[in-house]
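Okay, so here's the structure we're looking at.
The figures here come from the full heavy-atom set of this structure, side chains too, leaving out hydrogens, waters and symmetry mates.
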Amino acid sequence: MTKKKGGEIITDRLIAEGIDHVFGICGHGNVGLLDCMHERRDELRLVSPRHEQTAVHMADGYFRVSHKPAATLTSTGPGSANQIMGLAVAQTDSSAVLAITANVPTSQFNRGAFQELNRHHQADFNNVIKPVVKRSFQPSRVEMLPLAMRQAMQEMTTGRPGPVNLDIPYNLFQEEAEVPDEPVGGAFGKRRSGASAEDVSRAVDMLLDAERPVIFIGHGVTLSEAGPELSELAHRLSIPVISSPNGMGAMDMEDPLSLGFIGRNGAYQANQAGRHADLVLAVGARFDDRSASSWKPGYSWNFPHTKLIHVDVDHAEIGRNYLPELPVLADARSFLRQLLAELEGRDLPAGERLKSWNSDIAGWKQEWDAYIAPNWGSEVVPISPFRIVEECQKVLPHDAILSLDSGVHHNWYMQFWKARNPQSMLNTWGYSGMGFGPSSILGAKLAAPDKVCVSISGDGGFTMVPHVLCTAVEYDIPVVWVVWNNFAWGAIRDLQYGYFEGREYGTAFYQGDNKTPYNPDFAAWARAAGVAGYTVTRPGDFAGALEEAIRLNRPALIDVHVDADIRPPATGSWELPPLKPKEPVFGTPWRP
């Protein structure tokens with residue numbers, strides 16, 4: 001065996017595992033590893049953003065688009081701590097990220113060395129990061145690195161994917177040892193658990209017996225790349241499909257059987273179908289509060305009156321919020337293929353299935369379309385949010401990738417965006433971290449360089465990570481940012497207006513005693529960084545600016561001034577206990 005530095009072992013293992021991008025920021029703790037990575041720079045690309053949070057979001061976006069993990073690299077102490085929010089976003093949205101963090105050298109453990117956490121345990125960064133990763137490994141000798149890396153890759157990419165941490169004392173990067181090779185540990189998409197034959201048969205029986213079934217899909221369907229199987233099943237049985245944001249695009253949302261999102265800012269027909277269904281087949285979905293109207297009966301769902309088949313690869317999600325009549329621990333694609341195989345042996349009745357049910361849904365969709373129709377093509381100034389979504393849908397190609405940040409703009413896209421392809425709509429859904437959208441689009445573009453990649457972000461969220469402009473220019477990443485500029489933390493301002501008698505405090509952006517709305521000139525800010533910058537204040541100018549930004553094929557930003565007083569029409573509910581939730585703007589709850 002050849003003697004190798006720990007940094008060489010890590011670099012070689014990353015390449016062997018198929019990782020070709022590291023999003024990292026230098027520090028005294030990781031220079032030893034950076035030097036080893038320099039030798040393999042043609043095989044392992046280092047991209048260095050200006051903030052560690054953005055590094056994680058870039059790796060997250062890279063994985064969501066390519067389903068190939070990337071690594072992050074941070075130094076001892078605060079640099080690694082800056083990752084926590086990004087890792088929490090990746091964990092709650094099931095995104096595989098290998099977070100390599102440096103720690104103090106083993107010879108200085110528990111001495112209070114520069115940037116050591118040692119109040120409760122030596123080199124104690126593990127306990128900082130544990131809640132936001134699937135597992136944190138801390139090898140303390142070079143000989144431990146190969147096994148730790150194999151196990152980390154295995155943990156990150158199997159079952160429900162998620163971030164994993166390798167916390168490495170920085171002396172290991174330069175110390176040497178003779179170590180045997182380990183086999184490849186990464187196995188994303190290679191271990192697909194299936195359901196028992198009895199459960200598959202029972203699920204088909206329940207689907208065929210139901211008069212008003214729906215399929216509810218989440219990120220699990222996207223992660224398992226089960227879109228074709230989902231579409232085939234839905235069409236074979238004429239069952240409508242409701243999607244969570246991270247499931248959007250797994251089935252073409254222009255398909256007549258696609259009902260859109262459910263919950264407070266869902267489509268009316270989706271909420272109506274959910275509360276009137278007699279059976280729900282949930283595949284890879286969590287029933288979180290925003291897709292279940294805070295679990296209030298009759299607003300989005302009517303469990304346990306409605307029967308539930310809940311399929312998920314993570315046993316912890318099955319029955320977390322609703323107890324299923326049939327719980328199934330299985331990979332989404334494997335299970336859907338099992339259902340299709342089972343249907344091959346069944347005698348299905350001739351003619352169109354579920355005609356009455358789909359007719360009811362078509363009627364609800366007509367009501368919803370008629371209600372929102374007057375808002376399309378709006379010429380009001382400031383620009384109506386309807387117009388922004390409408391023009392994006394017209395201008396962007398069908399295979400464009402959209403990243404959305406946390407904010408009121410996200411509610412608009414959940415409600416009205418029609419994703420045409422899987423892995424094309426990136427959301428910070430579970431943890432809803434601001435800065436994800438403008439940052440993750442950089443990783444998305446690196447994963448899919450031939451696709452148009454556009455970030456829609458609020459003015460508040462973009463201001464948290466403006467350094468993304470520098471990274472795009474440095475590495476020539478031609479993305480487009482659309483800054484939804486309403487001069488406020490708009491979503492929270494709306495909550496104040498709705499629940500506290502119109503009082504607003506700390507949620508709008510003002511300058512001076514006369515409270516003049518204030519924001520930086522985002523377009524000038526972009527141009528100062530070397531990014532093409534546009535300011536749009538008239539509705540007729542937005543589509544042209546977006547077309548031009550895409551045509552340029554270089555980093556571009558559009559600062560679009562949006563009316564903060566037009567709100568997405570609620571069709572479900574969302575509760576902020578103990579405040580009494582607002583009733584839907586369109587439609588009413590229904591109980592059997």
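Taking OG1 from Thr571 and CD1 from Ile372, the interatomic distance works out to 10.5 Å, rounded to the nearest 0.5 Å. A distance of 8.5 Å separates OG in Ser94 from CZ in Arg64, rounded to the nearest 0.5 Å. The line from SG of Cys26 to CG of Leu33 is 12.5 Å long, rounded to the nearest 0.5 Å. Atom-to-atom distance recorded for His409:NE2 and Leu404:CG is 5.5 Å, nearest 0.5 angstrom. Here the straight-line distance linking atom NZ of Lys134 with atom CG of Leu87 works out to 14.0 Å at 0.5 Å rounding. Rounded to the nearest 0.5 Å, atoms CE (Met251) and CD (Glu229) are 13.0 Å apart.
At least one side-chain heavy atom of His21 sits under 4.5 Å from a side-chain heavy atom of Val47. Looking only at side-chain heavy atoms (C-beta outward), Phe586 and Glu367 come within less than 4.5 Å of each other. The closest side-chain heavy-atom distance from Pro161 to Leu223 is below 4.5 Å. With contacts defined as side-chain heavy-atom distances shorter than 4.5 Å, the pair Thr535/His561 qualifies. A heavy-atom distance below 4.5 Å is found between the side chains of Ile550 and Leu396.
Between the side chains of Ser300 and Asn271, at least one donor N or O sits under 3.5 Å from an acceptor N or O.
Ring geometry for Phe462 versus Trp525: interplanar angle over 60°, hence perpendicular rather than tilted (30 to 60°). Aromatic ring pairs are classed by plane angle as parallel below 30°, tilted from 30° to 60° and perpendicular above 60°; the pair Trp368 and Tyr268 is tilted. Between Phe386 and Phe416, the angle of the ring planes lies from 30° to 60°, which puts this pair in the tilted group.
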Exercise for review: Please assess Arg50 against His467 for the test side chain to side chain donor-acceptor pair (under 3.5 Å), listing each intermediate value before the final yes or no.
Suggested key: CA-CA 6 Å; Arg50 299 301 180 96; His467 47 265; over 6 Å; no
| query | Is there a side chain to side chain donor-acceptor pair (under 3.5 Å) between Asn421 and Asp399 once you walk through the steps? | reply | CA-CA 6 Å; Asn421 295 285; Asp399 63 350; 5.9 Å; no
| request: Report the C-alpha distance between Asp312 and Arg160 in whole Å, list the side-chain angles of each, state the deciding distance to 0.1 Å, and finish with yes or no for salt bridge (Lys or Arg N to Asp or Glu O under 4.0 Å). | output: CA-CA 9 Å; Asp312 206 285; Arg160 181 177 178 174; 5.6 Å; no
**Study point:** Test log, rule side chain to side chain contact (heavy atoms under 4.5 Å, CB included), inputs Leu46 and Arg41
**Key:** CA-CA 7 Å; Leu46 175 69; Arg41 60 189 181 278; over 6 Å; no
Requested in this report: For side chain to side chain contact (heavy atoms under 4.5 Å, CB included), just list the numbers for Trp417 and Leu402, CA-CA rounded to whole Å, side-chain angles, deciding distance to a tenth of an Å, and then say yes or no.
Outcome: CA-CA 10 Å; Trp417 187 251; Leu402 207 65; 3.6 Å; yes
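Under the side-chain contact (heavy atoms from CB on, under 4.5 Å) rule, Gln83 has a single partner from Val133, Thr101, Asn165, which is Thr101. Residue Pro539 is tested with Glu391, Arg387, Glu390 for a side-chain contact (heavy atoms from CB on, under 4.5 Å); the sole match is Arg387. Tested against His410 for a side-chain hydrogen bond (donor to acceptor under 3.5 Å, both in side chains), the candidates Thr428, Asn427, Asn265 yield a single pass: Asn427. A side-chain hydrogen bond (donor to acceptor under 3.5 Å, both in side chains) with Arg493 holds for exactly one of Thr507, Asp565, Asn486; it is Asp565. No option in Ile239, Ile242, Leu259, Leu336 other than Ile239 meets the side-chain contact (heavy atoms from CB on, under 4.5 Å) test with Ile215.
Val132 and Ala88 make their closest contact through CG1-CB, 3.7 Å (heavy atoms, listed as atom of the first residue, atom of the second, distance). Across all their heavy atoms, Pro69 and Phe63 have their closest contact at N-CD1, 3.8 Å. Heavy atoms only, all atoms of each residue included: Ser334 and Arg192 are closest at OG-CB, 3.1 Å. Nearest heavy atoms, Gly461 versus Trp489: N-CZ3, 4.2 Å. Listed here is the closest heavy atom pair of Gly430 and Asp93: N-OD1, 3.0 Å. Annotation for Leu426 and Ser440: closest pair CD1-OG, 4.3 Å, computed over non-hydrogen atoms.
Gln415 contributes a side-chain N or O that, together with a main-chain N or O of Gly266, makes up a donor-acceptor pair within less than 3.5 Å. Between the side chain of Ser457 and the main chain of Asp405, no donor-acceptor pair closer than 3.5 Å is present. Counting only distance, with no hydrogens or angles, the side chain of Asn30 and the backbone of Ile25 share a donor-acceptor pair below 3.5 Å. The closest donor-acceptor contact from the side chain of Asp288 to the backbone of Arg290 lies under 3.5 Å. The closest donor-acceptor contact from the side chain of Asn358 to the backbone of Ser238 lies under 3.5 Å. Listed for the Ser293 side chain is a donor-acceptor partner under 3.5 Å among the backbone atoms of Ser573. Under a 3.5 Å cut-off, the side chain of Ser439 and the backbone N or O of Thr54 do not form any donor-acceptor pair. The backbone N or O of Met85 lies less than 3.5 Å from no partner atom in the side chain of Gln53, so there is not a single donor-acceptor pair. Under the 3.5 Å distance criterion, the side-chain polar atoms of Ser48 are matched with a main-chain donor or acceptor of Gly24. No side-chain donor-acceptor contact under 3.5 Å links Arg333 to the backbone of Gly189.
A salt bridge is defined here as a Lys NZ or Arg NE, NH1 or NH2 lying under 4.0 Å from an Asp or Glu carboxylate O, and Arg286 with Asp314 fails to meet this definition. Using a 4.0 Å cut-off between charged nitrogen and carboxylate oxygen, Arg264 and Asp289 do not count as a salt-bridge pair. Ion pair Glu17/Arg13 flagged as a salt bridge, since at least one NZ, NE, NH1 or NH2 atom sits closer than 4.0 Å to an Asp/Glu carboxylate oxygen.
Ring centers of Phe436 and Tyr431: at least 6.0 Å apart, outside the cut-off. Here the two rings, on Phe23 and His57, have centers that are 6.0 Å apart or farther.
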